[in-house]
Amino acid sequence: MFSPSFPKAELEAFCARYGLRHYSEKVDVNSAWQNKGSTPCFTCAYFRRAATNRTALELGFNKVALAHHHDDAVETFLMNVLTSGQLRTFLPVTPLSKTGLTVLRPLLYYRESEIIANVSQLELQPLRNPCPYDGHTKRQDIKEHIRELESLSPEVYDHLAAAMRSAPNQELWPAQLNQKQLADKFHNFWRQKSN
């Protein structure tokens, strides 16, 4: 694990308060990250998802609920545009065909600020994220970029949210063609003109 200060006892106590059992397992994410060469965030997320899904299946569940909120979806959308050139984010319901699990995100239509505002009303005690990279991630950079852009154009967040709702299979711009494809297009165009 990145941090020995993972709040396991606090999470167990929180779950017990609602009659739930808390499951956890240790994974040496730091070693896995150093051996894989990817970012620590990707590696950690991968292992967390794998462990959560495996445990759900072992316990006979077919649903997993995650706590992503609307800001997470918008940030993921912009991060994918800027880092991989893809118009992608996660959805409220995602069936995982390989495992038979369905991932639910029941908080996805709530803004982060709305959730924070309800913490005291619900008498919750938020736990500090034990990750040493907390606040120093690509996601945090994107969050700050959105804030900077909003200071120039207050409607930026709403426009990003609208853009991520666009039809995912819609071609926004034609793919770049290679030399042969361009030549074929050119010849087909002139053949049609001459007929």
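The figures that follow rest on heavy atoms only: side chains count, while hydrogens, waters and symmetry mates do not.
Judged by distance alone, with hydrogens and angles left aside, the side-chain atoms of Arg139 form a donor-acceptor pair with the main-chain N or O of Asp72 at under 3.5 Å. Asn118 places a side-chain N or O within donor-acceptor distance of the main-chain N or O of Glu114, the cut-off being under 3.5 Å.
Environment of CD in Gln179: sparse, with no more than 12 heavy atoms of neighbouring residues, nucleotides or ligands closer than 6.0 Å. No more than 12 heavy-atom neighbours from other residues, nucleotides or ligands sit within 6.0 angstrom of CD on Gln125.
The structure places CD of Glu75 at 3.5 Å from NZ of Lys143, a figure rounded to the nearest 0.5 Å. Atoms OG1 and CE, from Thr89 and Met164 in turn, are 5.5 Å apart once rounded to the nearest 0.5 Å. For the atom pair CG of Leu96 and NZ of Lys63, the computed distance is 11.0 Å after rounding to the nearest 0.5 Å. Distance OH/Tyr157 to CG/Asp71: 4.0 Å, rounded to 0.5 Å. In this structure, the separation between CG on Leu66 and CZ on Arg49 is 9.0 Å, given to the nearest 0.5 Å. Note: Leu160 CG to Glu150 CD = 8.5 Å, rounded to the nearest 0.5 Å.
Closest heavy-atom contact between Leu108 and Pro92: CD2-N, 3.4 Å. Among all heavy-atom pairs drawn from Glu148 and Ser151, the shortest one is O-OG, 2.5 Å. Across all non-hydrogen atoms, the minimal contact from Asn188 to Arg191 is OD1-NH1, 2.6 Å. Considering every non-hydrogen atom in both Gly135 and Gln140, the closest pair reads O-CG, 3.4 Å.
Considering only heavy atoms from C-beta on, Arg105 comes within 4.5 Å of Thr94 through its side chain. At least one side-chain heavy atom of Val81 sits under 4.5 Å from a side-chain heavy atom of Leu87. With a 4.5 Å cut-off on side-chain heavy atoms, Pro126 and Val119 count as touching.
Taking Ile, Leu, Val, Met, Phe, Trp and Tyr as members and joining any whose side-chain heavy atoms lie under 4.5 Å apart, directly or through other members, the hydrophobic cluster of Leu107 also contains Tyr110, Ile115.
In the hydrophobic clustering of this structure, Tyr23 does not group with Leu20; members are Ile, Leu, Val, Met, Phe, Trp, Tyr whose side-chain heavy atoms approach within less than 4.5 Å, directly or through other members. Cluster membership check: Leu11 does not share its hydrophobic cluster with Tyr18, using side-chain heavy-atom separations under 4.5 Å among Ile, Leu, Val, Met, Phe, Trp and Tyr. With hydrophobic clusters built from ILVMFWY side chains whose heavy atoms lie under 4.5 angstrom apart, Ile142 shares a cluster with Val156. In the hydrophobic clustering of this structure, Leu82 groups with Met79; members are Ile, Leu, Val, Met, Phe, Trp, Tyr whose side-chain heavy atoms approach within less than 4.5 Å, directly or through other members. Tyr46 and Phe90 fall into different hydrophobic clusters, where Ile, Leu, Val, Met, Phe, Trp and Tyr residues are linked whenever their side-chain heavy atoms come under 4.5 Å apart, directly or through other members.
At a cut-off of 3.5 Å, with distance as the only test, no side-chain donor of Arg88 or Thr76 sits close to an acceptor on the other residue.
Residues meeting the side-chain contact (heavy atoms from CB on, under 4.5 Å) test with Ala117, sequence neighbours left out: none.
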